[in-house]
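Along the sequence shown, the residues carry numbers beginning at 1. The model shown is predicted, which means the values in this text are computed figures rather than measured ones.
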Amino acid sequence: MIRVLLVDDHPVVRRGLRAMVDELPELEAVGEAADGAEALRVLEGLAQRPDVVLMDLQMGTGMHGVEATRRITALPDPPAVLILTTYSTDADILAAVEAGATGYLLKDAPPEELAAAVLATARGETVLAPPVAARLLGRVRAGRPTLSPREAEILQLLALGLANKQISKRLFISEATVKTHLVHIYDKLGVDSRTAAIASGLTSGLIRPS
């Protein structure tokens with residue numbers, strides 16, 4: 001019997017996942033949580049730890065999935081973490097893998113594929129959705145993204161928490177120029193937000209931790 005903890009901020013999604021788990025004789029849902037912090041509390045309260053934590057990435061204002069995964073996998077004798085999310089940017093994928101996730105699946109996966117992924121994760125196997133595997137392979141083949149010196153400088157300032165106006169003053173350039181550089185940075189890193197750009201920069205070594 002594979003014990004599963006369900007972590008997602010949407011009650012409807014959790015009910016659907018529990019229904020899927022309950023239909024399979026080899027799986028048992030042993031708890032639910034609406035964010036990462038609650039997942040950690042649930043884990044502490046269980047007499048027997050689950051084999052697999054099915055983890056969403058973005059969960060409202062609560063602890064997000066990457067941080068929760070990092071903390072869970074740092075526990076003694078930790079359960080395996082299988083990410084189940086709608087997010088498939090390079091930054092999200094790399095951050096989850098770096099945090100210790102065993103697998104990464106997208107929420108549009110068929111129920112039978114998800115069930116098979118949970119079982120494979122419990123066996124210690126790495127499970128990646130085909131689009132995710134393709135993105136990682138493409139990133140490996142392409143190597144580390146190359147930013148211009150100015151782009152790298154702006155990305156580092158982003159990591160320090162500076163807004164566009166502050167960056168423009170620091171570098172003596174216009175805000176419009178900063179925005180243009182950000183567009184190029186996002187495109188090269190395959191992301192669509194400042195947070196994702198910073199995460200990608202940190203995981204790829206393009207910027208130094210502040």
Side-chain angles (χ1 to χ4, degrees), residues 2-10 13-14 16-18 20-21 24 27 29 32-40 43 49-60 62-75 78-145 186 189-193 195-205:
I2 304 302
R3 296 162 53 83
V4 183
L5 173 62
L6 310 172
V7 186
D8 196 290
D9 61 333
H10 295 290
V13 173
R14 293 201 305 273
L17 292 173
R18 181 174 280 273
M20 180 209 73
V21 169
L24 299 172
L27 300 182
E32 299 181 14
D35 62 32
E38 185 179 1
L40 288 166
L43 283 173
R49 280 193 178 152
D51 302 290
V52 177
V53 177
L54 204 53
M55 178 76 71
D56 192 12
L57 275 187
Q58 304 296 336
M59 292 178 282
M63 183 190 294
H64 57 76
V66 170
E67 179 60 24
T69 298
R70 184 176 294 111
R71 296 193 187 192
I72 290 172
T73 55
L75 295 171
V81 178
L82 173 60
I83 300 296
L84 180 65
T85 184
T86 56
Y87 300 91
S88 60
T89 67
D90 289 1
D92 289 320
I93 297 166
L94 288 171
V97 171
E98 288 288 333
T102 302
Y104 198 109
L105 213 59
L106 301 180
K107 284 185 177 178
D108 60 359
E112 59 273 15
E113 182 178 328
L114 176 55
V118 172
L119 293 171
T121 301
R123 294 192 297 267
E125 300 174 12
T126 300
V127 179
L128 296 174
V132 172
R135 291 182 75 101
L136 286 177
L137 181 59
R139 192 177 181 93
V140 170
R141 286 174 174 169
R144 192 173 77 172
Y186 291 176
L189 298 183
V191 300
D192 55 10
S193 72
T195 301
I198 293 168
S200 180
L202 288 170
T203 56
S204 61

Q) Do Y104 and T126 touch side chain to side chain, with heavy atoms closer than 4.5 Å? A) no

Q: Would you mind reporting whether T73 and V81 have side-chain heavy atoms less than 4.5 Å apart?
A: yes

Q.
If I compare all heavy atoms of A197 with all of L189, which pair ends up nearest, and what's the gap?
A. O-CD1, 3.7 Å

Q) Would you say E38's side chain and A34's backbone share a donor-acceptor pair under 3.5 angstrom? A) yes

Q: Over all heavy atoms of both residues, which pair between P79 and R49 is shortest? Give the atoms and the distance, please.
A: CD-CD, 4.3 Å

Q.
Looking at T121 and A117, would you say the former's side chain and the latter's main chain have a donor-acceptor pair under 3.5 Å?
A. yes

Q. Taking all non-hydrogen atoms of both residues, which atom of L106 and which atom of A129 are closest, and how far apart?
A. N-CB, 4.1 Å

Q | Heavy-atom closest contact (V7 atom, M55 atom, distance) | A | CG1-SD, 3.7 Å

Q. Of the non-hydrogen atoms in P130 and E113, which two are nearest, and what is the gap between them?
A. CD-OE2, 4.3 Å

**Q.** Rounded distance (nearest 0.5 Å) linking atom CG of D192 with atom OH of Y87
**A.** 9.5 Å

Q: Take I2 and V52 through the test side-chain contact (heavy atoms from CB on, under 4.5 Å) and record every step on the way to the result.
A: CA-CA 8 Å; I2 304 302; V52 177; 4.3 Å; yes

Q: Using modelled atom types only, decide if a donor and an acceptor are shared between the side chain of D51 and the backbone of R3 within a distance under 3.5 Å.
A: yes

Q: Go through V53 and L82 one step at a time and tell me if the side-chain contact (heavy atoms from CB on, under 4.5 Å) criterion holds.
A: CA-CA 6 Å; V53 177; L82 173 60; over 6 Å; no

Q | For the student: nearest non-hydrogen atoms of D35 and M59, plus distance | A | CA-SD, 3.7 Å

**Q.** Ionic contact status for R14 with D56, cut-off 4.0 Å
**A.** no

Q.
I'd like to know whether L54 forms a side-chain contact (heavy atoms from CB on, under 4.5 Å) with V21, so could you lay out the CA-CA distance, the side-chain angles of the two residues, the decisive distance to 0.1 Å, and finally the verdict.
A. CA-CA 11 Å; L54 204 53; V21 169; 5.7 Å; no

Q) If you measure from CD1 on I93 to OG1 on T85, what distance do you get to the nearest 0.5 Å? A) 10.0 Å

Q) Any side-chain heavy-atom pair from L75 and L43 closer than 4.5 angstrom? A) yes

Q) Roughly how far apart are H10 NE2 and L17 CG, rounded to 0.5 Å? A) 11.5 Å

Q.
As an exercise, state the distance from CG of L84 to CG of D108, rounded to the nearest 0.5 Å.
A. 9.5 Å

Q.
Could you check whether any side-chain heavy atom of E125 comes within less than 4.5 Å of a side-chain heavy atom of L119, counting everything from C-beta outward?
A. no

**Q.** K107 NZ to I83 CD1 distance, which is reported to the nearest 0.5 Å
**A.** 11.0 Å

Q: To the nearest 0.5 Å, tell me how far E67 CD sits from L40 CG.
A: 9.0 Å

Q: Kindly determine whether V4 and R18 satisfy side-chain contact (heavy atoms from CB on, under 4.5 Å), including the steps that lead there.
A: CA-CA 9 Å; V4 183; R18 181 174 280 273; over 6 Å; no

